[in-house]
Every structure is written in C-alpha cells, then in structure tokens.
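Not measured: the values here are computed from a predicted model.
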Amino acid sequence: MSSIPLLIVNLSPVPLVVACVVGLVRYRRYEAVRRYLVWLSWLALLVTAVAMWLQRQHRPNLFLAPIDTAIEFTLLGLIYRRVLWPHPVAQYLPVGIGLFVVGTALTSWPRPGIVEFSPIQHFIESVAMLLLVVLYYRRVLKALPVSLAPLEREPVFWISAGVFLYFSANSLIFLTSNLVLFHSKELSLNIWAIHALLYAFLNGFFIVALCLPSQLPDVTQS
C-alpha cells in the first residue's frame with residue numbers, strides 16, 4: 001500500500017476518538033438520540049481498538065466486522081426509531097433489528113480454518129440506513145412549511161447527512177469488495193482507503209451533532 005492510502009487508514013479513527021471524548025464530556029446534557037450516538041461511538045472505538053491490537057499480533061480480525069455491523073445497525077436503528085415515530089417503519093423497526101442481528105449471527109458464525117469477509121450484511125445495512133434517511137428527510141420536508149427551526153442546529157440532520165454520504169458510497173464498495181480483491185489487491189487496498197476516509201467523514205458529522213446545543217426543538221417530531 002502506498003504512503004497516502006496507508007496514512008488515511010491509520011488516521012481514520014481520529015475523528016472517532018474525538019467524537020467519543022465530546023460525547024463523554026457532554027453526555028448528561030444529551031437527549032436520548034445523542035446518547036445512542038455516544039454509545040455507538042464508544043462501542044465502535046472498542047471494536048476498532050481490538051481490531052488494531054489483533055492486527056499488530058498478526059492474528060485475524062475479520063470476525064469483528066459482523067459484530068461492528070450489528071452494533072452499528074442496532075444503535076442507528078434506535079436513533080431513527082425515535083426520530084420517525086409513529087411512522088409504521090419505526091413501529092416495526094425493533095423486529096427488523098432483531099432479525100438483522102440474528103441473521104448476522106447465523107451467517108457469520110466462524111468456521112474452523114476459514115477467515116473471510118462477507119459483504120452481504122454490510123450491503124443490507126447500507127440499503128436499510130439509506131431508506132431510514134430518506135424517510136427522515138421526507139418528514140423534514142413535510143414539516144418545513146409549519147416549522148422554521150434551523151436545520152443546521154438539528155443534531156439528526158447532521159447524523160443523517162453523514163449516514164447518507166457514508167452508506168451511499170459504501171453500498172457499492174461492500175457489494176464489489178471481493179470481486180475487486182480477486183482482480184487487483186492494490187486496487188482493493190486503495191478502495192478500502194476510500195472507505196476509511198468516508199468513515200472519518202461520518203464521524204466528523206457525528207462530532208458536529210454532538211457539539212450542538214442541547215434541548216433544541218426537534219422538527220422531526222409530530
């Protein structure tokens with residue numbers, strides 16, 4: 001891997017660390033949505049730290065990918081459940097989360113002597129998250145004629161902007177990751193550097209959401 005992609009990959013956790021610190025300092029001031037975001041950040045940091053430690057020990061860490069995906073899907077799902085309530089999708093979202101977690105556990109159960117990356121769970125997560133973001137923006141647009149609350153001061157707006165950017169690009173990366181790796185290892189590494197950059201941007205949007213003043217009116221609530 002060339003120096004620039006390697007630098008991107010190594011520095012990509014920095015915004016996550018910042019989000020964790022901001023969330024820890026301001027945790028008591030947050031409403032439920034941003035408390036979910038803080039938990040997401042800290043659990044993601046824990047998984048990242050374990051993955052990096054295993055890598056330094058030259059041990060496989062791909063088994064952590066489905067765990068990270070399940071955590072991410074669950075907590076983002078809980079965020080959008082509160083934001084979209086009482087939309088039917090929000091009411092049945094716990095069922096969807098449960099099915100996703102169980103499906104991830106069943107399909108990702110480690111097999112002796114086999115270590116592989118399965119993009120299916122990541123792709124399903126990407127499609128589901130994009131659907132939730134679209135529903136959120138639809139509700140925001142419907143609320144605009146009767147609400148003049150500035151969107152740039154709404155935490156969920158920044159969360160959704162980051163989620164949309166991250167998952168819209170990564171849906172293609174996850175779907176083609178194994179195919180690209182088969183044809184070119186160097187290209188695959190460069191693509192995963194792009195993924196790391198997108199992850200840094202996602203956590204940058206989360207930092208903005210976590211830094212906003214607390215107790216603001218939520219334009220997404222009915």
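Minimum interatomic distance between Asn61 and Ala51 (heavy atoms only, all atoms of both residues): ND2-O, 3.0 Å. Closest approach of His87 and Leu135 over heavy atoms only: NE2-CD2, 4.1 Å. Val38 approaches Leu24 most closely through the heavy-atom pair CG1-N, 4.5 Å. Shortest non-hydrogen contact noted between Arg81 and Pro94 is NE-CG, 3.2 Å. For Val47 against Ile71, the heavy-atom pair with the smallest separation is CG2-CD1, 4.3 Å. Nearest heavy-atom pair, Cys211 versus Val22, reported as atom, atom and distance to 0.1 Å: SG-CG1, 3.9 Å.
Heavy atoms of other residues, nucleotides or ligands lying less than 6.0 angstrom from OH of Tyr92 number 12 at most. Other residues, nucleotides and ligands contribute at most 12 non-hydrogen atoms within 6.0 Å of the CZ atom of Phe201. Counting non-hydrogen atoms of other residues, nucleotides and ligands closer than 6.0 Å to CD of Gln55 gives a total of 12 or fewer. By the neighbour-count criterion of 12 heavy atoms within 6.0 Å, atom CZ of Phe164 is sparsely surrounded, having that number or fewer from other residues, nucleotides or ligands.
Looking only at distances, a side-chain donor or acceptor of Arg35 sits under 3.5 Å from a matching main-chain atom of Tyr30. Put simply, the side chain of Arg59 never gets that close to the backbone of Trp53: no donor and acceptor are under 3.5 Å apart. Between the side chain of Arg139 and the backbone N or O of Leu84, at least one donor-acceptor pair lies under 3.5 Å. Judged by distance alone, with hydrogens and angles left aside, the side-chain atoms of Tyr80 form no donor-acceptor pair with the main-chain N or O of Met129 at under 3.5 Å. In this structure a side-chain-to-backbone donor-acceptor pair under 3.5 Å is missing from Asn203 to Pro15. The main-chain N or O of Phe205 is never found under 3.5 Å from a side-chain atom of Trp158 such that the two would form a donor-acceptor pair. One N or O on the side chain of Arg34 and one on the backbone of Leu212 form a donor-acceptor pair closer than 3.5 Å. A donor-acceptor pair under 3.5 Å is formed between the side chain of Ser12 and the backbone N or O of Val9.
Taking OG of Ser160 as the reference point, atom CG of Leu165 lies at 12.5 Å (rounded to 0.5 Å). Rounded to the nearest 0.5 angstrom, Leu210 CG and Leu37 CG are separated by 4.5 Å. The CG atom of Asp68 sits 6.5 Å away from atom OG1 of Thr48, with the distance rounded to the nearest 0.5 Å. With values rounded to the nearest 0.5 angstrom, Leu43 atom CG is found 10.0 Å from Thr74 atom OG1. Here the CG atom belonging to Leu78 is positioned 13.0 Å from the CH2 atom belonging to Trp39, to the nearest 0.5 angstrom. One distance of note links CD1 of Ile8 with NE2 of His195; it measures 13.0 Å at 0.5 Å rounding.
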Exercise. Apply side chain to side chain contact (heavy atoms under 4.5 Å, CB included) to the pair Leu202 and Leu198, showing each step before the final yes or no.
Key: CA-CA 6 Å; Leu202 172 67; Leu198 291 168; over 6 Å; no

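Each of Val134 and Ile159 belongs to its own hydrophobic cluster when Ile, Leu, Val, Met, Phe, Trp and Tyr are linked at side-chain heavy-atom distances under 4.5 angstrom. One hydrophobic cluster, built from ILVMFWY side chains closer than 4.5 Å, holds both Leu93 and Leu131. Under the 4.5 Å side-chain heavy-atom criterion for ILVMFWY residues, no single connected hydrophobic cluster contains both Leu54 and Met52. Following chains of ILVMFWY side-chain contacts shorter than 4.5 Å, one cannot reach Phe73 starting from Leu99, and the two form parts of different hydrophobic clusters.
Using cut-offs of 30° and 60° for the angle between ring planes, the Tyr166 and Tyr199 rings count as tilted.
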